[in-house]
K.L.:
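Structure in structure tokens, see below.
Proteins get letters first, then strands, A, B, ... in listed order; numbering begins at 1 in each. Values in this document were obtained by computation on a predicted structure and should not be read as measured data.
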Amino acid sequence: MTEFVTLREAVAGLIHDGDCVAMEGFTHLIPSAAGHEVIRQGRKDLYLVRMTPDLIYDQLIGSGCVSRLRFSWGGNPGVGSLHRLRDAVERGWPGPLALEEHSHADMANAYVAGAANLPFSVLRGYQGSDLPRHNTNIRFIRCPFTDEELAVSPAIRPDVTVIHAQKADRRGNVLLWGILGVQKEAAMAAKRVIVTVEEIVDSLDAPPNACILPRVVVNAVCLQPGGAFPSYAHGYYARDNRYYIAWDDIARDRETFKALMQKHVHNTADFNEFRRVLAESAGAAA
Amino acid sequence: MTEFVTLREAVAGLIHDGDCVAMEGFTHLIPSAAGHEVIRQGRKDLYLVRMTPDLIYDQLIGSGCVSRLRFSWGGNPGVGSLHRLRDAVERGWPGPLALEEHSHADMANAYVAGAANLPFSVLRGYQGSDLPRHNTNIRFIRCPFTDEELAVSPAIRPDVTVIHAQKADRRGNVLLWGILGVQKEAAMAAKRVIVTVEEIVDSLDAPPNACILPRVVVNAVCLQPGGAFPSYAHGYYARDNRYYIAWDDIARDRETFKALMQKHVHNTADFNEFRRVLAESAGAAA
Amino acid sequence: MSYTTNEIMTVAAARRLPDGSVCFVGIGLPSTAANLARLTHAPDVTLIYESGPIGARPDVLPLSIGDGELAETADTVVPTPEIFRYWLQGGRVDVGFLGTAQIDRFANLNTTVIGPYDKPKVRLPGAGGAPEIASNAREVLIIVKQTARSFVAKLDFVTSAGHLDGGDVRARLKLPGKGPVAVITDLCIMEPDPVTRELTVVSLHEGITREQVTAATGWPVRFADSLGTTPAPTDHELQVLRALQQRTALAHGTAGGGGGD
Amino acid sequence: MSYTTNEIMTVAAARRLPDGSVCFVGIGLPSTAANLARLTHAPDVTLIYESGPIGARPDVLPLSIGDGELAETADTVVPTPEIFRYWLQGGRVDVGFLGTAQIDRFANLNTTVIGPYDKPKVRLPGAGGAPEIASNAREVLIIVKQTARSFVAKLDFVTSAGHLDGGDVRARLKLPGKGPVAVITDLCIMEPDPVTRELTVVSLHEGITREQVTAATGWPVRFADSLGTTPAPTDHELQVLRALQQRTALAHGTAGGGGGD
């Protein structure tokens, strides 16, 4: 059953060194606050999974928390490269990063297979692509009825999935809406689930057939308004496009990156303080 | 793109003798009016698919429209047997009926596989059950990663799926809510889709992430208020439990059944007239 | 308060459902027992119906597996494939609550045919969700009225696996769940022997004799050495059950239950 | 009206999108062209974004593939797995609209690495949705700026299949879709030869010479015998495109486009 705890407590209790961790959110509802907290607590040797590693994974990789990454598109959406990811892959800084690279279709299917407790997923994919040559976890089988060849890959079963959502009720049921990405599947596929939320309410007042994670699949709910910044929370705040653009310059240089992580993450107690420090910097710059 | 036509036109144009037809609706939103119209037009040799064949399939089978049935639970929900189904299986009346019998889990998975254009579905199922001995379409494969044994069965790809929904907008988008069953998957799995609706509106005014069938997957929308009777349409009318109970007596006897189908289906022009005739009978009986 | 054998069956079954558990509920007797549990000792049970409702809290018993009442009172309603894929197969169901037409000494279930499959004497409704509930739920409770016609020496058809041929065969076949842990009837409670997995009567309902149970069982039924008496329904349990059935009768013109899986 | 090479590229790409079709849209140039089509000759196009929106009608161009604007203007928003499973793999996408980092003469695409995979010179973002868009959409349109660095004789990595080694290899491999039917650049339009499937310049944009195209192509590029001139953007097309980009700039502080797939 759901516990209502701080993000610090949730990360301390539920995410361990070496865990397979999926932090999902497809451009929308990215669990940025949780990413910061994992860095703040100095987790090591994580096996991260995410369809679209973006700023938070760039930060985790650059901070030396990650040894392995399963993904399908790693970029700064709308801007360009992830320089910390590139630095790790191209030059092994701050350490080597093993890549398990798939396509979006495969990753989405593999989360579905994980949620369904199947060991593998099946798709019509990768025909003619070089990806299977570099990822031995992409294999091919034949349909036992039609003899067609189909691609398979291992289901994603994270130790922990972390998502950000709009609301939880006091019983621990979680509601999200808008762009849903693979959050529900990632949560259902995981052994443990942490959800940061914009607000905790008496009643979700959800419309019929809304996307709800029932409390029995949620281990921890952490109240963290603004926790998806600089991505957005539909109905609460918009995407901060300037932050994504600014990240390009910050992440390009190792020292700039390190200084910023020190100031914004290590020297702050939590995401609320990070937001205050960030606002002060912006005020000073203006 | 969607055409707005009468149910008579939709059935005449889109359902042919010998077709594989799925009429879905899990207790809720059962497309009863469409079932009547198929009988009225005298379709033959249909290969029907449905997780829970109930009254409408009992009527279609008893009327001699069906040669083959893929299903997982055939009963009068809340009452007992389907006597027309039993008569066909136990005594071959009005003709032989080939059964392809699965479990619910398998059928649900097979619709999902069909919607995903995969040739087969995979599940953890049937261990120790006699069903695979009597259905050669239930087979077993091994996971290429873990060597676990898993059950597979052919995806369901109906020629036509028929469902009943609450609303369509004037562009042909369809909204349903409440108990959703496998309707969306059955529709996405089909080559052609007929939807009967309670009402056609200017705007669906749907909540975020509602269950909507976009117009590009819907071939025909037919306005048919009450078209799910005696099942129910959430937000419109309740289930007529007495009709389900009454059906037990009607279907038990071949002649009673035939007389009723003659009066209620063959001698009526459409479902609206059937409802009028039914109401008059009830009035006379009272 | 006095009570019927149906009532003690329902109450005894309800008591087996732990509070806080996730329960996959079949329609009819299982639904009655599961909701009685929710309304008595297990307010935090999460009831799942295969039609899609999760966390249903119906005020009246559903007549069908997809009644609107289930949708309206649930925490959420998901498509049926999600129930079977993400919940049941996903390993998130603690207790599967099943009825059956026939049962054998190892709690295997037949809901398919009486007689040969290809030329059945009676065509039953079929498997429904039972085969995968029986294999994937962490444990299975079975509630069924006991007669020599339903408790048979040999099933005509094994629809859903109980303990198969007994012993550790489930473990050898790598079935995910423990299988049936209790069979609750209108006469007694049976549990599988820890080693052989043969159903053994562990408790007789008050006023029921060994002879009655033996007569209603199609195999030489075994009784536990420490055979107990099923604790009588409390007044509170009976009041809640009867009020539930009365509300149901008022709403539907029937006491709920019946077929449907 | 005068226009830029970027503008004619976008307009020429937009014109290839048939009204009434279902289009799977990549972010950036494809999204700009697809929305221009929707706002001009193809009001009934259904735009699908991999983040989940179906039938999106954004008033300003999305900066990311999952902007709220897409969700708010769509007919429905489904989970990402449904987009890939029920729509793309389901065979319901008529046109896949892709960008790329590198392309070869058979319209194979590289968005993975420059240099060796295990020791890349430049690590690109990766596949995203492209491999299965390229194989499963009924046809594929590619929009990309033409330079000798992007139009290369040999790809360092084939991320997504165009016509592979040419000829009928797609049919032999049983790829569901026809593959790339046109490559629209800022210089010209190329189409695969009907037999060899090698990209052939069929139309030069006004003012562009064969020599410019040859210089911007890393292989000896072929020109069609009946080489045409791309019809200039109409005033209406330019007005709609510029208004769209102006609204986008006002909303985002950028003209939209950029990376992201």
K.L.:
Does CZ belonging to A/Arg8 count more than 12 external heavy atoms closer than 6.0 Å?
P.N.:
no
K.L.:
Just wondering, more than 12 heavy atoms not from C/Asp168 lying within 6.0 Å of its CG?
P.N.:
yes
K.L.:
Given heavy-atom pairs under 4.5 angstrom as the criterion, report whether the side chain, backbone, both or neither of A/Ala187 touches chain C.
P.N.:
backbone
K.L.:
Going through the distances and angles, do A/Val112 and C/Tyr86 end up as a side chain to side chain contact (heavy atoms under 4.5 Å, CB included)?
P.N.:
CA-CA 8 Å; A/Val112 169; C/Tyr86 295 177; 3.7 Å; yes
K.L.:
With a 4.5 angstrom heavy-atom cut-off, is it the side chain or the backbone of A/Asn209 that approaches chain C, or both, or neither?
P.N.:
both
K.L.:
Assess whether atom NZ of A/Lys191 is packed by more than 12 heavy atoms of other residues, nucleotides or ligands within 6.0 Å.
P.N.:
yes
K.L.:
Are C/Trp87 and A/Asn117 close enough, and set up right, to give a side chain to side chain contact (heavy atoms under 4.5 Å, CB included), and what steps lead you there?
P.N.:
CA-CA 9 Å; C/Trp87 286 82; A/Asn117 187 27; over 6 Å; no
K.L.:
Got more than 12 heavy atoms from elsewhere within 6.0 Å of CD, A/Glu199?
P.N.:
yes
K.L.:
Does any non-hydrogen side-chain atom of A/Pro214 lie less than 4.5 Å from one of C/Thr76?
P.N.:
yes
K.L.:
Could you have a look at C/Asp75, C/Thr46, C/Leu88, C/Val78 and say which one has the most heavy-atom pairs with chain A under 4.5 angstrom?
P.N.:
C/Asp75
K.L.:
Output the distance between atom CZ (A/Arg215) and atom CG (C/Asp44), rounded to the nearest 0.5 Å.
P.N.:
4.5 Å
K.L.:
Using only atom types and a distance under 3.5 Å, with no angle test, would you say the side chain of C/Arg92 pairs donor to acceptor with the backbone of A/Met188?
P.N.:
yes
K.L.:
Does any heavy atom of chain A fall under 4.5 Å from the side chain of C/Val77, the backbone, both, or neither of them?
P.N.:
both
K.L.:
Please state whether the side chain, the backbone, both or neither of C/Asn136 comes within less than 4.5 Å of a heavy atom of chain A.
P.N.:
neither
K.L.:
Should the heavy atoms of other residues, nucleotides or ligands under 6.0 Å from CD of A/Glu3 be counted, would the total exceed 12?
P.N.:
no
K.L.:
With a 4.5 angstrom heavy-atom cut-off, which part of C/Glu82 approaches chain A: side chain, backbone, both or neither?
P.N.:
side chain
K.L.:
So what's closer than 4.5 Å to chain C heavy atoms on A/Ala210: side chain, backbone, both or neither?
P.N.:
backbone
